[in-house]
> 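Following this message is one structure expressed as structure tokens.
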Amino acid sequence: MVQGVLPGLALAPPETEYFNAELYLLANPDLIGLNADQLRTHFTERGVAEGRRIIVPFDQNFYRFTNPDLAGLNNRELFDHFLNVGIDQGRPFSPIFDLDFYRRNLEDLNPEIITQLTPVAEQPVSPFIILDPNRPQPPSLNENLFNLFLETQLEVETDLDVEGLGVPVEELRNVSFSPFFDPILYLNQNPALAEAFGPNNRQKAIAHFALYGINENRRSSLIFDPNFYRENNPDLQAAGLTTSEQLLIHYQLNGIQEGRRPSLNFNPSYYLANNLDLQARGLSLPQLVEQYLLEGLEEGRRSSEYFDPIAINSLLIPQAPPPETPPTTDAPPPASSVTLLEENFVKWNVPVGGVLSYSFVDTASALSYSGPESGVGEVNEAIKNNVRQIMQEYDQVLPFSLVEVPDRPSNNGQIRILFANDPVYAYSYAPGLETGGDIVLSRNYEIDPQFSFSQSPGNFGYQRLVHEIGHALGLRQPNNYAGFGFAERPTFPAQGPRLSFVQDNNSNTAMSFNTAGVGVSTPMPYDVRALQFLYGFSDANSGNNLYQFDGNNFIGVKQTIWDAGGIDTLDFSALPAIGSYFFDMNEGGVSTNQSALNASTYLAINDPTQFPYSASSYGTYIGYGTSIENLQGSPVNDLILGNTAANGINGGGGDDILIGGLGGDTLAGGPGRDTFVYAPGDGTDMVTDFNPGEDFIALAAPLSFEGVSVEASGADSLLRVIGTGEVLAVLMGVSANTLSPANFVPYG
């Protein structure tokens, strides 16, 4: 155990009451080579005055910045203040340790802990008892909380009697102490650190993040992702806030109050909109964050469109083997958010910004292949080109690069692709050593136009390559497909969380064997979020991107768009004038022809009901966590659904229905008889080309024409809800006296 003592009484000089040689050396690697006595001398004579990091949880710069009344103190005075005054006053002193949050979590574990940590002088006493003001006072509750953190998380000895609290130390060790740092998640997200420290070494995880990781763009909590926060808040970059520490501090001090989204996992707008009981409680935004971490996680509440714990967990491979005792029913066990966060999953040990290599076994290297397969050989050039294209698609959604290398003995790819005699059709190994990640294909189907791996996107063989590469990256099949002839080597525990049958189709995940319509060309929305949960946020396509579609890259194509940030546009103006179209700009939303929307049915494998479920025959899906701002419609009739961003939507030709959704949107119907749909609370839209002679305003319940007033505002007209005063829309350049009841219709 690391030795160390913190001051128990006020006004003690820190250098006489506190010193820890091991932690001091860890925080100051330039002092390597000094022995313990030399380190103590350096600490007392220079370290405090120089402002060196002298205790892992205490961040001197953070303490000075968040307590502006202390700005005039020198480094020694600042540290004295922290030890002797700041802890007792509950002042913030670290971006990764929150005294109040820690106390509330301890109370949830056992309220008696707080009672025992609270000195008698701070507890209610009889008015008849006279306290001696000259008697030395025991440590405050805050000091005891801090000492408990040091004892249980950093293994630093203090004067606190931890065993006397009557709670097992392991339970105390698992108590969360910050909304913005989770040591186990930090290790899971950084496999190189987990390998170096051990998968459960909280002490080294905390020390590493506090001293180094906070400035290395490393993911450290469910709530906050520095890369996501940076990419989705360009105003902060423009203001010079670019380092991970700066961004984390900004979110804690300002971003929460401003309602900014800090990560894919947590969207405060979504969380509040989808939990009416929390709205009724009137929680502030900081309270909303804490409620989610203290209560919502355990309750299984969804915190964003992206963070669906069961769907994510159904695609990941746990490190621990499944229990040997089979379940009593066929129903999958519940998968809470907490379970998902604490699990350690099979994946490649590749850092953010690193490289994962792949190669194709060739004639020469086949002779030395280490797997048990027979008849190992080289795949044909058409398969290689398909694999290369699919690898590019996966490369877009991963925070590291997939790079092809030559297949040579002792220098081949981490993932290897080969022919062999063993598979009936195809199988892959999960990530790991030796054959880990290798993809093994059968030669027998290359003459079959339906099942050949050489076929173009949309065919079964191409989809199976997408599927097998998913396995090689750490994804598993989301359900039990026993008995299905093409399901080989299912790298998943039979008792693990599963997708519901209505979700289990290839429109959601390439890992499903339930195919509705055409085969997939890319990893699908569920795959993207599972991989990013596993490996981290990808900043691909983070600029202002234009996605243009025509018949070739849209009709009959099933694909997913991942976009990390910027102001982006979907342009459908070049689509063929066939039927009508449906465009959904929301996360997970699909854009397709109306004739293909939910037009294909499938009977889910091993579903005892054999109920026919529906999914779209083809479509372009928006990845979870992707925000698309603008859309240009097709030449024919469109139904367009906006998202929560400030959308710019132009329907283009045809008779279009435009639903801007939440946020202040700018809408144009274009030529044709267009309908603009409104509901209470959606924000105020600007309609730039409303034609009273042919366009309509559709009012969703509970709105009605009688409850809406049309008011003149200069050359424009305002549509206002009479009961609340909410302005639904501004019809630009439209005189109020040109509107009549004929322009208003009910919606739905």
> Which word best sums up how the rings of Phe572 and Phe583 line up, parallel for under 30°, tilted for 30 to 60°, or perpendicular for over 60°?
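Aromatic pair Phe572/Phe583 classed parallel.
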> Looking at every heavy atom in both Asn647 and Asp665, which two are closest together, and how far apart are they?
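Scanning both residues completely, I find the closest heavy atoms to be N-OD1, 2.8 Å.
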> Is atom CD of Gln287 surrounded by more than 12 heavy atoms (other residues, nucleotides or ligands) closer than 6.0 Å?
yes
> Any salt bridge between Arg302 and Glu587, counting N to O under 4.0 Å?
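Here Arg302 does not pair with Glu587 in a salt bridge, since their nearest N and O are not under 4.0 Å apart.
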> Please report the shortest heavy-atom distance between Phe400 and Asp395, naming the atom on each side.
O-OD1, 3.8 Å
> How far apart are the closest heavy atoms of Thr522 and Ala510, and which atoms are they?
O-CB, 4.5 Å
> Strictly below 4.0 Å, N to O, side chains only: are Asp308 and Arg529 in salt-bridge contact?
yes
> Nearest heavy-atom pair of Ser428 and His471: which atoms, and what distance?
CB-CB, 3.7 Å
> Can you name the nearest heavy-atom pair linking Gln503 to Tyr602, along with the distance?
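Looks like N-OH, 4.2 Å.
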> Looking at side-chain heavy atoms only, is the closest gap between Asn267 and Phe307 below 4.5 Å?
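Result no, sub-4.5 Å side-chain heavy-atom pair not found.
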> Aromatic rings His250 and Tyr229: how do their planes relate, parallel, tilted or perpendicular, breaks at 30° and 60°?
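Ring orientation, 0 to 90° scale: tilted.
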> For the pair Tyr526 and Tyr624, name the ring-plane relationship: parallel under 30°, tilted 30 to 60°, perpendicular over 60°.
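Tilted, since the angle between the ring planes falls between 30° and 60°.
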> At their closest point, which heavy atom of Ala210 faces which heavy atom of Ile96, and how far apart are they?
CB-CD1, 3.7 Å
> Measure up the Tyr186 and Phe209 rings against each other and bin them: parallel (under 30°), tilted (30 to 60°), perpendicular (over 60°).
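The rings of Tyr186 and Phe209 stand perpendicular, inter-plane angle above 60°.
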